[in-house]
Amino acid sequence: MEDKDRTKSNFIRDIIDQDLQNGKNDGKVHTRFPPEPNGHLHIGHAKAILVNYSIAQDYNGKFNLRFDDTNPIKEDEEFVNAIINDIKWLGADWEDRLFYASDYFEQMYEYAVQLIKAGKAFVDSQSAEEIRANRGSVTSPGVNSPFRDRSIEENLDLFEKMRDGDFEDGSHVLRGKIDMASPNMLMRDPLMYRIRHTAHHRTGNRWCIYPMYDWAHGLEDSIEGITHSLCSLEFQAHRPLYDWYLDQLNVHHPQQIEFARLNLNYTVMSKRKLLELVEENLVNGWDDPRLPTLSGLRRRGFTPEAIQNFIHKVGVAKAHSVVDYALLEHSIREVLNKQAPRVMSVLNPLKVVITNYPEDQVEEIDAVNNPEDPEAGTRKVPFSKELYIEREDFMEDPPKKFFRLAPGREVRFRYAYFITCNEVIKDGNGEILELQCTYDPASKGGKSPDGRKVKATLHWISTAHAIDAEVRLYDRLITIPDTNNLEEGKTFMDFINPDALKVLHNCKLEAHLAKAEAGFRCQFERLGYFCADLDSTESKPIFNRTVTLRDTWARLQKNIGKN
RNA sequence: UGGGCCGUCGACAAGCGGUAAGUCACAUGGUUUUGGUCCAUGCAUUCAGGGGUUCGAAUCCUCUCGGCCCAACCA
């Protein structure tokens with residue numbers, strides 16, 4: 001992709017351009033991706049990562065990876081490692097700037113003390129229920145806590161005791177002293193710290209008070225010198241609070257800018273739904289190729305480049321949107337069309353015997369590796385008397401627009417010969433067992449010997465030379481575009497596509513694919529893009545279908561069915 | 001309902017007062033030893049709706065309608 005295509009205009013870039021013009025931040029741009037290590041990353045996170053990363057890159061700025069690990073009961077090191085792995089794979093580079101909110105706990109504590117001393121924070125000893133009740137509602141103001149006017153000395157003392165572990169969970173919290181009547185619920189004396197006697201995956205038992213998101217996040221950004229803190233739309237209401245804390249402390253004040261998160265149709269993205277699928281074993285783990293997780297997409301055969309291109313195409317704006325899954329499919333096809341070597345594989349084999357072909361002859365046929373890339377060269381493919389073709393490529397009683405093999409019809413076997421079907425061999429049940437065909441020796445290479453035309457070119461594979469493989473055909477996870485507004489009594493579970501995974505055995509592949517390493521991507525000609533699965537071995541090759549090729553024939557059939 | 005934000009083609013999305021980019025999808029035709037790729041063409045007289053300002057409005061003002069977010073000791 002061209003550089004100029006990479007820097008597509010959006011409102012965040014406009015803001016940054018403006019800032020640069022005004023000399024704000026000394027002309028620096030510094031962004032960050034701040035995941036909480038409490039789950040696995042999905043394609044939606046890829047947008048957040050890539051938006052932050054690409055902006056940093058395009059403005060010659062810096063990009064940090066920071067784990068927002070402020071809630072030990074939800075977080076785990078397992079997630080930290082998975083997230084690091086996924087972001088690396090995606091291609092966002094934080095260089096040496098990997099940070100953890102938990103590294104700033106001491107500093108945050110000191111800032112909190114500073115706020116208490118300024119009379120801007122207090123220890124509240126109401127119960128969680130009382131606090132909730134006294135917060136009021138969106139239409140009615142809250143009421144002040146009875147503890148709101150504690151002296152600075154008392155607050156300091158209590159806060160220190162909170163830290164020292166003198167109190168039970170839930171007995172006290174530290175709160176900002178703002179305005180219980182604010183129309184913005186978040187400004188009604190927001191909680192800054194809660195007591196949690198829980199071990200943290202990094203700080204162990206060093207702390208028993210943990211900072212809340214709003215208090216922590218701005219400080220993290222400030223400490224790291226972030227200039228533009230890009231986050232998703234639901235944090236818009238938090239911005240006044242983000243600003244308030246930083247203003248009270250009078251420290252470096254990054255600008256929070258919110259953009260719409262990515263939604264994709266025909267799948268699910270919420271943590272809750274993903275977790276449910278994994279825990280109920282409806283999929284095989286977080287990296288199941290049916291899932292929109294980054295590890296799932298990776299295993300499915302997506303390339304980082306395809307995801308980068310996809311995110312770029314989607315753009316950045318403030319309007320809620322649901323991107324069509326077809327755009328994701330297009331993005332991976334676009335990349336693989338250029339890169340993936342072609343190979344002839346028969347998924348659903350039907351035996352073809354070339355009756356006029358010498359019994360023990362084998363010819364090494366030249367096949368092009370990638371018509372999009374002359375540098376990819378050619379390879380030899382064995383041709384013999386017994387071959388397999390795709391069952392779908394033969395019809396005994398073909399409809400009008402069916403161009404493939406049929407009784408009495410001649411087609412081309414790609415790179416090999418013109419073949420004519422003469423006889424259909426069936427078993428007692430009428431099941432087609434084999435096709436008896438003849439070849440035209442003069443058409444070697446698949447070239448028309450006398451200007452004769454055929455309407456179809458089929459892929460094929462020699463029965464004696466093919467290897468067996470398991471092939472997993474993946475499709476969209478969900479059968480309907482949107483599972484968010486379902487009728488009463490229905491859940492997304494009712495719309496899981498039973499055909500999102502179809503496992504095929506005894507598929508026939510070119511022999512060299514036995515040695516394909518996990519992750520190896522290729523095109524099975526006329527079928528789609530496939531990659532060797534993580535579990536693939538030389539003795540038991542397994543290939544995953546990343547995406548089908550565009551299929552005008554299938555579309556035609558569907559339209560005929562409709563009319 | 002108080003507050004905040006949003007509404008441009010089926011889906012994304014440019015546009016920033018001078019007369020609707022681009023991509024995907026869809027359709028048609030051409031090329032083709034993948035019904036793939038590629039190429040060409042078509043696809044918003046109109047920007048949620050009304051009113052206003054202006055020589056001129058998707059862009060400014062105003063009202064109306066519709067959608068999303070906020071009342072976890074989650075992030």
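Quick note on labels: first sequence line is chain A, next is B, and so on, each numbered from 1.
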Under 4.0 Å: is that the gap between some side-chain N or O of [X] and OP1 or OP2 of [N]?
{"X": "R526(A)", "N": "G35(B)", "value": "yes"}
{"X": "R555(A)", "N": "C26(B)", "value": "yes"}
{"X": "T457(A)", "N": "U32(B)", "value": "no"}
{"X": "R194(A)", "N": "A75(B)", "value": "yes"}
{"X": "S137(A)", "N": "U1(B)", "value": "no"}
{"X": "S182(A)", "N": "G3(B)", "value": "no"}
{"X": "S140(A)", "N": "G2(B)", "value": "no"}
{"X": "R132(A)", "N": "A72(B)", "value": "yes"}
{"X": "R550(A)", "N": "C26(B)", "value": "yes"}
{"X": "R414(A)", "N": "G35(B)", "value": "no"}
{"X": "H330(A)", "N": "C24(B)", "value": "yes"}

Report which part of the nucleic acid [X] touches: base, sugar-phosphate, or nothing (heavy-atom distance under 4.0 Å, all strands).
{"X": "T552(A)", "answer": "sugar-phosphate"}
{"X": "K74(A)", "answer": "base"}
{"X": "Q18(A)", "answer": "nothing"}
{"X": "L233(A)", "answer": "nothing"}
{"X": "V454(A)", "answer": "nothing"}
{"X": "E329(A)", "answer": "nothing"}
{"X": "A128(A)", "answer": "base"}
{"X": "S127(A)", "answer": "base"}
{"X": "P211(A)", "answer": "sugar-phosphate"}
{"X": "H459(A)", "answer": "nothing"}
{"X": "K455(A)", "answer": "nothing"}
{"X": "V173(A)", "answer": "base"}

To the nearest 0.5 Å, tell me how far [X] [atom1] sits from [Y] [atom2].
{"X": "L230(A)", "Y": "K47(A)", "atom1": "CG", "atom2": "NZ", "result": "11.5 Å"}
{"X": "K313(A)", "Y": "I311(A)", "atom1": "NZ", "atom2": "CD1", "result": "11.5 Å"}
{"X": "R526(A)", "Y": "D393(A)", "atom1": "CZ", "atom2": "CG", "result": "4.0 Å"}

If you take atom types as modelled and just measure distance, does the side chain of [X] reach the base of [N] with a donor-acceptor pair under 3.5 Å?
{"X": "E372(A)", "N": "G36(B)", "value": "yes"}
{"X": "N38(A)", "N": "C74(B)", "value": "no"}
{"X": "R404(A)", "N": "G35(B)", "value": "yes"}
{"X": "H238(A)", "N": "A75(B)", "value": "yes"}

Report the distance from atom [atom1] of [X] to atom [atom2] of [N], rounded to the nearest whole Å.
{"X": "Y266(A)", "N": "C24(B)", "atom1": "OH", "atom2": "P", "result": "19 Å"}
{"X": "Y325(A)", "N": "C24(B)", "atom1": "OH", "atom2": "C1'", "result": "15 Å"}
{"X": "Q236(A)", "N": "A75(B)", "atom1": "CD", "atom2": "C1'", "result": "16 Å"}
{"X": "M269(A)", "N": "A75(B)", "atom1": "CE", "atom2": "P", "result": "22 Å"}
{"X": "R32(A)", "N": "A75(B)", "atom1": "CZ", "atom2": "P", "result": "15 Å"}

- Message: Could you tell me if R163(A) sits above the aromatic ring of Y109(A), with its cationic atom closer than 6.0 Å to the ring centre and no more than 45 degrees from the axis?
- Response: yes

Rounded [atom1] spacing from [N] to [M] in Å:
{"N": "A58(B)", "M": "A14(B)", "atom1": "C1'", "answer": "12 Å"}
{"N": "A44(B)", "M": "A21(B)", "atom1": "C1'", "answer": "13 Å"}
{"N": "U37(B)", "M": "A27(B)", "atom1": "P", "answer": "13 Å"}

- Taking the six-membered ring for Trp, does W553(A) stack with G35(B) (centroid gap under 5.5 Å, planes within less than 30°)? yes

- Decide whether H40(A) and D86(A) meet the rule of one side-chain donor and one side-chain acceptor closer than 3.5 Å. no

- Taking the chi torsion of A11(B), is it syn (within 90° of 0) or anti (everything else)? anti

- Short side-chain to backbone donor-acceptor contact, R261(A) and S232(A), under 3.5 Å: no

